[in-house]
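Written out below as structure tokens is the structure these notes cover.
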Amino acid sequence: MQERLLELKQEALDQVEASRDLKTLNDIRVSFLGKKGPITEVLKGMGKLPAEERPIVGEVANKVREAISNAIEGKQATLEKAEVEKKLASQKIDVTLPGRPVRKGSKHPLTAIIQEIEDLFIGMGYTIAEGPEVEKDYYNFEALNLPKGHPARDMQDSFYITEETLLRTQTSPMQVRTMEKHEGRGPIKIICPGKVYRRDNDDATHSHQFTQIEGLVVDENIRMSDLKGTLKVFAQKLFGEDREIRLRPSFFPFTEPSVEMDISCKICNGKGCNVCKGTGWIEILGAGMVHPNVLEMAGFDSKKYTGFAFGMGPERIAMLKYGIEDIRNFYINDRRFIEQFRRA
Ligand code: PHE
């Protein structure tokens with residue numbers, strides 16, 4: 001019996017020595033040391049041995065198992081190491097290869113113009129307010145002196161979500177939200193940039209979604225001359241000190257009086273060209289003195305407080321400033337378009 005065990009040991013060690021991969025090695029482990037292996041088989045016959053021989057054979061059997069097991073472990077470590085080395089050799093990384101260049105992004109021209117306008121007004125002491133794009137009919141229309149059924153609602157075709165909610169058609173609802181927050185006490189000096197939505201057919205100058213920047217100033221003794229001075233500083237800082245502005249009478253339900261501001265056309269110097277449609281002037285924004293009804297509805301005493309408001313379209317301003325001919329360029333996100341506005 002002991003001889004048989006030693007034979008098995010030698011057999012196993014030879015096989016381990018000869019094995020070239022981990023799978024073969026594992027097969028050897030199973031076949032020699034497993035429950036159905038020859039060693040277990042030999043040990044089953046131990047019962048027939050005389051009692052004094054059993055511990056001796058048992059000890060030999062354990063030693064044989066241990067020797068085989070050690071040999072397998074040793075070989076396994078060698079094979080694993082060889083495998084890792086092989087992998088490393090085949091997957092060599094060449095750290096001297098030049099890296100792939102990272103493409104630098106550029107600010108979207110619309111973002112750039114909005115930030116430029118924001119900076120301008122921040123410089124004049126304004127703060128920035130932002131509000132919801134999904135707006136209540138109350139804020140978008142009613143509280144702006146546009147009760148239900150008012151014909152001027154048709155000036156802005158709307159996307160309604162429910163009877164009482166819609167995608168805001170203008171940033172003017174932020175006038176009301178801001179005034180409500182101030183609970184009847186001035187001063188207020190804010191601008192509000194944001195997206196607005198109208199049911200328009202998209203073409204070179206119309207888009208169903210575009211941006212606006214709203215301005216609102218409310219305090220005691222705010223006059224039309226304050227509005228005019230503010231707009232003049234704004235226009236000259238943005239378009240150049242040599243620009244003239246003019247205010248034309250207009251109509252908005254939430255301002256009284258209402259005006260539209262034009263700037264002098266720089267392309268033809270006022271002589272008339274196709275950008276200014278022969279007039280020498282280019283329309284830039286709508287504005288006016290906040291209507292007393294709007295002040296009162298938002299909780300302000302219109303005998304004590306007055307204010308002005310204005311609203312402009314950054315797309316239009318960017319188009320004029322950079323000579324962009326189609327508003328849809330802003331939304332297509334063609335890199336070749338956007339990258340032209342990268343600033344030094
Ligand atoms: N909300 C107006 C529009 O979208 C613009 C405007 C704002 C006019 C504030 C007057 C005062 O046409």
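For this chain, numbers begin at 1 and follow the sequence in order. Everything quoted here is computed from the prediction, not taken from an experiment. One-based numbering, in listed order, for ligands and for the atoms of each.
Contact of the Leu144 side chain with the Pro253 side chain is not registered, since no non-hydrogen atoms from C-beta on lie closer than 4.5 Å.
Residue pairs that meet the ring pair (Phe, Tyr, Trp, His ring centres under 6.0 Å) test with at least one member in residues 112-131, sequence neighbours left out, are Phe121-Tyr126, Phe121-Phe234, Phe121-Phe310. Pairs passing the ring pair (Phe, Tyr, Trp, His ring centres under 6.0 Å) check and including a residue from residues 157-191, sequence neighbours excluded, do not occur.
Atom NE2 of His108 sits about 12.5 Å away from atom CD of Gln115, to the nearest 0.5 Å. The structure places NZ of Lys228 at 5.5 Å from CG of Leu247, a figure rounded to the nearest 0.5 Å.
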May I have a table of the N/O to N/O pairs between ligand 1 and the protein that fall below 3.5 Å, each row giving the two atom names and the distance to 0.1 Å?
residue: ligand 1; atom: 1 (N); partner: Gln170; partner atom: OE1; Å: 2.8
residue: ligand 1; atom: 1 (N); partner: Ser172; partner atom: OG; Å: 2.9
residue: ligand 1; atom: 4 (O); partner: Arg198; partner atom: NH2; Å: 2.9
residue: ligand 1; atom: 4 (O); partner: Gln212; partner atom: NE2; Å: 2.9

Side chains of residues 8-21: which donor-acceptor pairs under 3.5 Å do they make with residues two or more places apart or in other chains?
residue: Gln10; atom: NE2; partner: Asp14; partner atom: OD1; Å: 3.1
residue: Ser19; atom: OG; partner: Val16; partner atom: O; Å: 2.8
residue: Asp21; atom: OD1; partner: Lys23; partner atom: N; Å: 3.1
residue: Asp21; atom: OD1; partner: Thr24; partner atom: N; Å: 3.0
residue: Asp21; atom: OD1; partner: Thr24; partner atom: OG1; Å: 2.9
residue: Asp21; atom: OD2; partner: Thr24; partner atom: OG1; Å: 3.1

